[in-house]
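Keep in mind that the numbers below use all heavy atoms, side chains included, and drop hydrogens, waters and symmetry copies. Keep in mind that what you see is a predicted model, and the values were worked out from it rather than measured. Along the sequence shown, residues carry numbers from 1.
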Amino acid sequence: MKTTRFLLLPLAAALSQVWAAPVAEETAELSPVTVTGTQQQKANTVKFNPKATLQPLPAGDGADLLQSVPNMSIIRKGGSSGDPLFRGLGGSRLAINADDQFVYGGCSNRMDPPTSYIHPSTFDEVVVTKGPQTVTQGMGLISGSVHFVRKDPTFHEQPYSFNGSTTLGSSGRRDASFEAGAGGKYGYARLNVSHNESGDYKDGAGNRVHSNFKRDSQMVQLGVTPTENTTIAGTYERSRGKAAYADRMMDGSKFDRDAWNIRISQRNITPWLSEIEARYGSSEIDHVMDTYSLRTIRDSSTGMQIKKANNPKRRTDTGNLKATFDWDNVNLQTGIDYMRDRHTERNGNENYASSPFKPTQSFDQLGGFAEAAWQRTDKQKLIAGLRHDQVTGTYEDKADSDPLKKTKYPLTSGFFRFEQTTGNTKYYAGLGIAQRAPDYWERKKSENLRLRKETNRQLDAGLIWNSGNWHVSASVFAGKIRDYILIEQHMMHHGGHGGHGHGHVMTMARNINATRFGGELEAKWQFAPSWSIASNLAYTYGKNRTDGKPLAQTPPLEWNNTLAFDNGKFSAGALWKLVAKQNRYAKGQGNIVGQDIGASAGFGVLSVNAGWKFNKYATLQGGVDNVFNKTYAEFVSRSGGFVDPAAGIKTTRVNEPGRTAWLRLQAKF
């Protein structure tokens, strides 16, 4: 109860002032709608507001937030820190960029994906790019990119702003986020504080899932605007957290990240030079996983508690310089970017902190890019881009004489896209090529093998149609990936006769060739005033051509349907999620996050929500996810491990939460 009061009192105090204010008849600044899906409005791009309330339960981290994007799957590990896959591909194949700074996890076992350090309420927009259809978002966009954007705040009407929300939910869920800003002609300041916590949730069968977590973050941003065309801004972010995991025998007892960046931007320099922007930033992740902080494991023979710990640390420095040119109907973005990435690690028992950090791997990247858009006619647009990167990966713990110690990867990526508008319909088609170097996790699984770089050649096409109360979009893709880096498990036997005896599982990486195709279909119809119905269908097919098997960790067909009512004051909605069974799997094969376990059953889940905008500043929203308390798990979920370590309960996969109720209060001034 102390935590609840801590979260609610600041917002309640602010709302007491709201109730005293007269309600003006004007357009709502804070929509009461609970978002149950996103819509594609531009070619190969999905944009949405991360501050909006989303169903299922409002997002606690970046992965939760991305669940609303069609064909985006989340590999569940517990209550937090899920790993996102877009069209069945994740890890470093899906670039995660926050405030134009690449975010990476530090854990050698992928406990902390980049999205686990993303606090959605601190960003203003999320942009998802489908496939290798841009070169400005960094290297290796095999699957695409997710860009969490912070916009420069404006204070035209008032010299200050305030945004706040508090969420209470089942299983002890407690979220709070407060953002305040102030500024004027010559500068601005913005502060954000957020808190997320939850106890262990229960699945539909009533089993307790080892999934509790706690996360805190603070962000401060200062900007100086000496002229209307000049901005100098600096940002500092700090986050701390811990999380229990149901998919493994260790928990994350420490998720510390400190990051800062500075940006200098000069706009409207000449009639043809629109902007020059320079950025530099640095982040450090200090992560601890152990067997004793959030669970108790005892040796079966001695009864003694097993205390093991591992402490990886990752320091990443990034910089980029970009220029934007405009000539009549041509826009050109060109620039260079740089990254220096260093990994160290130490391990032991509960006294691990007394040991020194030892270097493991390092990466250096330098790249250049150019992307141009030509508005050939009012109805026709051509876009093309090209980038080249040099990446050097080094095993710092290998001898200088070892031929595998250092590997250089020259990477070339590019794309071409054609867009045509005819009446109410936009058509587009693009061909993209992206190359990616093996990442930290893949190289860790292949220390005695030189992995080759991946090359994805992919065709993306689609249409967007808007007419009256209808919105329809369709996206399709087909691609070949040469030297796809596959992670697979092998049972290594020791002793015994006939190859039998004790053994352990070894996870290794190797290159294969793969083909993939699929897409997304979305439709929305406002069939009456204040009423709308929407549906989206997503499917991906993957084939491992080298082994003649399905490409592992490819999700099945998914169909989402929503019904929504919103009259500006009251709202209500329902989300019906249907997922087909998946019989196409490759047991023991997968990616750096997890490997296929076997077939999965199909399922259907219903969630409902309602909202009340009780004055122009504040909205109360609530919902129930998984109304019928369905017991189910996603196909791409990792192996279950000990879901309840105390009771010794295990499951094949990590089950999703059972019936979950939540209530959210938002205020915006």
Inspect the contact between [Y] and [X] and indicate whether a charged nitrogen and a carboxylate oxygen are less than 4.0 angstrom apart.
{"X": "R150", "Y": "D99", "value": "yes"}
{"X": "K242", "Y": "D256", "value": "no"}
{"X": "D290", "Y": "K307", "value": "no"}
{"X": "R295", "Y": "D251", "value": "yes"}

- How many angstroms lie between CD1 in I306 and CE in M250, if you round to the nearest 0.5 Å?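 With rounding to 0.5 Å, CD1 (I306) is 10.5 Å from CE (M250).
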- Working to the nearest 0.5 Å, report the span between CZ of F477 and NZ of K130.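 With rounding to 0.5 Å, CZ (F477) is 10.0 Å from NZ (K130).
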- Query: For S198, which residues count as a side chain to side chain contact (heavy atoms under 4.5 Å, CB included) partner, sequence neighbours excluded?
  - Reply: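 Partners of S198 under the side chain to side chain contact (heavy atoms under 4.5 Å, CB included) test: S171, R173, F213.
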- Message: Is the ring pair F603/Y632 parallel, tilted or perpendicular, if the boundaries are 30 and 60 degrees?
- Response: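 Ring orientation, 0 to 90° scale: tilted.
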- Query: Can you say whether the rings of W531 and F565 are parallel (under 30°), tilted (30 to 60°) or perpendicular (over 60°)?
  - Reply: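 Ring orientation, 0 to 90° scale: tilted.
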Can you name the nearest heavy-atom pair linking [X] to [Y], along with the distance?
{"X": "R190", "Y": "K151", "answer": "NH2-O, 3.3 Å"}
{"X": "D124", "Y": "N49", "answer": "O-OD1, 3.8 Å"}
{"X": "M219", "Y": "T122", "answer": "CE-O, 4.3 Å"}

Between [X] (side chain only) and [Y] (backbone N and O only), is there a donor and an acceptor less than 3.5 Å apart?
{"X": "R248", "Y": "N109", "result": "yes"}
{"X": "Q582", "Y": "R584", "result": "yes"}
{"X": "Y236", "Y": "A259", "result": "no"}

- Message: Assess the residue pair D61 and S80 against the criterion (side-chain contact (heavy atoms from CB on, under 4.5 Å)); give the C-alpha distance rounded to whole Å, side-chain angles, the decisive distance to 0.1 Å, and a yes or no.
- Response: CA-CA 7 Å; D61 65 12; S80 181; 3.4 Å; yes
- Task: Run the numbers on Q621 and Q666 for side-chain contact (heavy atoms from CB on, under 4.5 Å), then give the verdict.
- Result: CA-CA 8 Å; Q621 297 158 302; Q666 284 184 290; 2.9 Å; yes
- Task: Name all pairs fulfilling the salt bridge (charged side-chain N to carboxylate O under 4.0 Å, His left out) condition that reach into residues 73-97, sequence neighbours left out, sorted by first residue then second.
- Result: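 Qualifying pairs: R76-E656, K77-D83, D83-R110, R87-D460, R87-E520, R93-E442, R93-E454.
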- Query: Should N192 and H119 be marked as a side chain to side chain donor-acceptor pair (under 3.5 Å) after you check the CA-CA gap, both sets of side-chain angles, and the distance that decides it?
  - Reply: CA-CA 10 Å; N192 183 287; H119 296 262; over 6 Å; no
- Task: May I have the step-by-step check of side-chain contact (heavy atoms from CB on, under 4.5 Å) for L557 and V579, ending in yes or no?
- Result: CA-CA 6 Å; L557 176 71; V579 177; over 6 Å; no
